[in-house]
Amino acid sequence: MAVIYTAVVDVDGEGRSAGRVSSSDGLLTTGLAIPKELGGVGGATNPEQLLAAGWAACSLGALRRAAAERKVRLTSTIITAEVVLANQELVGLDWDAAGIGPLPACGAQHD
């Protein structure tokens, strides 16, 4: 496998609670906070949102590339990604992820 890109980010401070994320190229810089739903103060993104955003963006890019290679024009596409934290009795906190899409309303058309 030939590596064509490596994303590098640093997280400092308190991590998911009042931490800060920054990418090596300076294009991503944001604070982190525990969501209010988990007893935190909220007001900033959290690692689960960042994971869902990255996964959805990569999935949509792959879908659009596959469509273009097959000469299928996508007029509108949406990928929704959900990252779920769950309390597992035997192992403590666990996470799961689901991707939803493309939605039926994508309006795919063959050229």
Side-chain angles (χ1 to χ4, degrees):
M1 176 176 73
V3 175
I4 59 172
Y5 178 74
T6 301
V8 178
V9 298
D10 293 322
V11 178
D12 60 16
E14 298 295 320
R16 66 174 294 120
S17 174
R20 189 133 196 93
V21 174
S22 55
S23 61
S24 60
D25 62 8
L27 295 176
L28 173 65
T29 302
T30 190
L32 297 172
I34 296 175
K36 290 181 180 180
E37 297 86 347
L38 293 176
V41 297
T45 195
N46 58 68
E48 294 76 26
Q49 289 173 327
L50 294 172
L51 177 59
W55 185 18
C58 287
S59 297
L60 183 55
L63 174 70
R64 292 186 80 61
R65 180 176 179 161
E69 288 174 353
R70 289 162 181 80
K71 297 187 183 345
V72 173
R73 186 169 41 101
L74 301 177
T75 58
S76 176
T77 50
I78 297 171
I79 299 289
T80 301
E82 296 177 354
V83 173
V84 178
L85 286 179
N87 219 349
Q88 297 291 332
E89 193 171 313
L90 297 176
V91 295
L93 274 181
D94 191 13
W95 70 272
D96 194 9
I100 304 167
L103 300 178
C106 73
Q109 299 176 359
H110 292 277
D111 286 334

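Only heavy atoms go into these numbers, but all of them, side chains included; no hydrogens, no water, no symmetry mates. Worth saying up front: this structure is predicted, and the values here are computed from it rather than measured.
- Cluster membership for Leu28 and Val11, using ILVMFWY side-chain heavy atoms within less than 4.5 angstrom, is shared.
- Residues Leu74 and Leu63 have side chains in contact (heavy-atom distance under 4.5 Å, counting atoms from C-beta outward).
- The shortest distance between side-chain heavy atoms of Val21 and Asp10 does not fall below 4.5 Å.
- Proximity of Pro35 to Arg16: side-chain heavy atoms (C-beta onward) are separated by under 4.5 Å at one or more points.
- For Gln49 (side chain) and Asn46 (main-chain N/O), a donor-acceptor pair under 3.5 Å exists by modelled atom type.
- Across all their heavy atoms, Ala33 and Gly42 have their closest contact at CB-O, 3.4 Å.
- Taking every heavy atom of both residues into account, Thr29 and Arg20 meet most closely at CG2-NH2, 3.4 Å.
- Side chains of Leu50 and Leu32 form a contact here, defined as non-hydrogen atoms less than 4.5 Å apart.
- Taking hydrophobic clusters as Ile, Leu, Val, Met, Phe, Trp and Tyr residues chained together by side-chain heavy-atom distances below 4.5 Å, Val83 does not share a cluster with Val9.
- The two atoms that bring Leu27 and Asp25 nearest to each other are N-OD1, 2.9 Å, heavy atoms only.
- Between Ser17 and Ile34 the shortest heavy-atom distance is CB-CD1, 3.6 Å.
- Interatomic distance, CZ of Arg70 versus CZ of Arg65, reported as 10.5 Å (0.5 Å rounding).
- Taking every heavy atom of both residues into account, Glu48 and Leu85 meet most closely at OE2-CD1, 3.7 Å.
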